[in-house]
Amino acid sequence: MLRFNKSLIIIALGASLAACGDSNNNEVVTPPTPEPVSYQFSVEVSNLTAGQPFSPVALIAHNEGNLWQIGESSSAALELMAEGGDNSELLNFASAIATSSGDAPVGPGAQTTLTVTTSSLEELKLSLATMMVNTNDGFTGLNSIDVSALTVDEALTHFTFAYDAGTEANSEAEGSIPGPADGGEGFNEARDDIDLVSMHPGVVSQQDGLSGSTLNSEHKFDNPLAKIVITRTQ
Amino acid sequence: MKASTLSLAAIAVLASQSVMAAELELKLTNLTQGIHFTPILITAHNNEEHLFEVAMPASTALQTMAEGGNLDPLVAQATAAGSDMAANPAAGLLAPTTSTMTTLMTTDGNDYLSVTAMLLPTNDGFVGLDSWKIPTEAGTYTVYLNGYDAGTEANDELVVAGSGAPGTPGIPAAPGGNAGTGGAGLTSTESNTNVHIHAGNLGDDDLSAGASDLSNTVHRWLNPVAKLTVTVK
C-alpha cells in the first residue's frame, strides 16, 4: 500500500515536471479530482385512457427546441412516431442531450417509468411523446418542460392533452390504424390532412356515426390523456 | 434638492401606477383542428363586469356574438363599463392552429381579463374566459380556454347563409369550406338555456344528407380550444 502510494507520487511528480517544464519547482501538485456530477430524473407515465395503448414513450432531455408546435408542420420524425408509434427518429432530436425510450407499449390503465441522466442542469428541459396507437396520427406528450430548478426528490406533475400530427386524415378506416383495434398501416409518408399540428378533435368511432370507422366506443378519449410525474432523483 | 424631491415624487407615482394598472402582452392560439374563431374581444374590467357568466342566461350582447360573431353590442357594453379592450386583434377570423398577438394597457381597477369569440361552424358556441384575475407580479402566464354554448339557440347543425342574427336558427358559415348541405337538423330544442360548456359538435359522415351539415371527422373538438399567453410587463 505504501509502495503503491510512493510510485503514484513519483508518477505525479514526473508528470507535473514534464507539464510545467520548470525543474526548480519541486512541489507535488495533486490535481483536484472533480466530483462526478450527474442529475437524474425519473418520469412516471400513467395511461389514463379507456382503450388507447401508448406506443413506447420517447423521453428527451434538451436545452432548446420543441418536438412540435401548434400551427407548424410535423417534423418527419414526429410523423413517423404519430402515425406508426416508431420513436427511433424522434430520439435523434438534434438538440438532445440524453434520451430514453420505453421498451414496450403502455396499455390503458398501465404505468411505466423512464429515467434520464444528464451532467448539467442549466436550461434543462424534458420533452416526451407517445402515439395513441388506435388513432390515425394522434399523440400526446409534454413539450419542453423546464426542470432546471428542481431539487432532489422534488416532483412536477402534468396532465397531457391529445394532439393531432395533421399528417394523416382521421378516416379511422380499416387498414389505416396500426394499433390492436385494426392492425393496419402505420407510417406513410403521404400527408393528406391539414399538415399542421393541432389539438386532437377526438375519435368518432362507428357507434358515434362514422360508418367506415374500425374503432368503437372504447377507443374514444377526452383530455387529459396521461398523467406524468417528473421527479429529480439525483 | 428641489429636483431630487420632484423625481422621488415621480418615481412614487410611477410605482403606485404599476401596482394598479398593467401593460399586458397577449397571445391567443386557436388549438383546434377544424374550428374558426370569429373576431375576438379581450377586455380588462372590474369585478362587477362580465362578458358572460356560466349557469346564467346570456345577455343579448353575448347572444349576438355567439350566434353570428357580431361584436358590436359587447363592445358597446364594455365601453359603457369603462373596460379596457382589444377588439378584433386578428382583424377577422382566427383560423385553426393560428395565433394572434396584441397588447392591452389596463387602467386602475380593471384587474380582470375576459375573452370571447364565436366558434364556427357552431350554432351558438363560443370560446370564453370569464374574469381571470390579472397577476400583479410581472411574468408570463398561460391560461387554457374552453368552448361554451350560449344556450340561446338549438344546435341543429344546419349551415344556413344569413342565419347569424340572434334568434335565427342555423349556423351562419363554415369558413373551412368543408361542411355539407341537406341535413335534416339534429334538434330543434335546447334544454339548458343558460351558458354552459358546449357538448361539442356531433356531425355525421354524410355531407349531402343525414341529420347534420357538419362533418364528424372535421368539426368536432375536445377542450381546451384555445391557449392564452399573458405577459405582465
Side-chain angles (χ1 to χ4, degrees), chain A residues 48-49 52 68-74 82 132 135-140 143-146 158-173 176-177 192-215 220-225, chain B residues 27-37 90 94-101 119 121-122 127 139-140 142 144-147 157 176-178 180 183 186 197-207 209-229:
Chain A
L48 304 179
T49 68
Q52 287 286 348
W68 71 87
Q69 286 266 61
I70 297 282
E72 291 185 6
S73 289
S74 292
M132 290 87 81
T135 67
N136 289 95
D137 60 341
F139 69 99
T140 190
N143 215 344
S144 208
I145 302 298
D146 193 317
H158 286 271
F159 289 88
T160 68
F161 294 143
Y163 300 96
D164 191 308
T167 55
E168 180 178 326
N170 295 335
S171 68
E172 303 177 18
S176 74
I177 289 173
D192 62 353
D193 202 358
I194 66 171
D195 202 11
L196 298 169
V197 178
S198 67
M199 294 261 302
H200 202 288
V203 153
V204 181
S205 83
Q206 186 173 85
Q207 285 144 324
D208 202 12
L210 185 58
S211 51
S213 175
T214 190
L215 303 178
K220 292 175 77 74
F221 53 81
D222 199 351
N223 291 315
L225 273 280
Chain B
K27 180 183 180 186
L28 187 75
T29 303
N30 177 344
L31 297 174
T32 71
Q33 194 181 36
I35 303 293
H36 283 72
F37 296 174
L94 188 69
T97 81
T98 63
S99 299
T100 184
M101 294 184 73
L119 301 172
T122 68
V127 51
T140 298
T142 299
Y144 288 97
L145 278 55
N146 291 323
E157 297 191 3
N178 38 23
L186 266 182
I197 292 284
H198 202 292
N201 282 334
L202 187 66
D204 60 34
D205 61 357
D206 188 338
L207 291 185
S212 169
D213 284 345
L214 305 184
S215 164
N216 57 16
T217 58
V218 175
H219 296 125
R220 292 186 177 193
W221 70 84
L222 299 175
N223 283 323
V225 294
K227 177 180 176 177
L228 179 67
T229 307

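Just so we're clear, the structure is a prediction, and the values are computed from it rather than from any experiment. Any value given below was found using the heavy atoms of this structure, including those in side chains, with hydrogens, waters and symmetry copies removed.
- Side-chain contact between A:E172 and B:N216 is absent, with no heavy atoms from C-beta onward closer than 4.5 Å.
- Residue with the most contacts toward chain B among A:V197, A:L210, A:N170, A:L196: A:L210 (heavy-atom pairs, distance under 4.5 Å).
- Residues B:L222 and A:F221 meet the side-chain proximity criterion, which asks for heavy atoms closer than 4.5 Å.
- Residues B:Q33 and A:I194 approach most closely at CG-CD1, 3.6 Å, considering heavy atoms.
- For a residue to count as touching a neighbouring chain, one of its non-hydrogen atoms must lie under 4.5 Å from one of that chain's; by this rule B:N30 touches chain A with the backbone only.
- The CD1 atom of A:I70 sits 9.5 Å away from the OG1 atom of B:T32 when rounded to the nearest 0.5 Å.
- For a residue to count as touching a neighbouring chain, one of its non-hydrogen atoms must lie under 4.5 Å from one of that chain's; by this rule B:T217 touches chain A with backbone and side chain alike.
- Only the side chain of B:L202 comes within contact range of chain A, judged by heavy atoms closer than 4.5 Å.
- Within the 4.5 angstrom heavy-atom criterion, only side-chain atoms of A:D193, from C-beta onward, approach chain B.
- Between the side chain of B:D205 and the main chain of A:S211, a donor-acceptor pair closer than 3.5 Å is present.
- The candidate with the highest count of non-hydrogen atom pairs below 4.5 Å against chain A, out of B:K227, B:H219, B:R220, is B:R220.
- Atom OG1 of B:T29 sits about 9.5 Å away from atom CD of A:Q69, to the nearest 0.5 Å.
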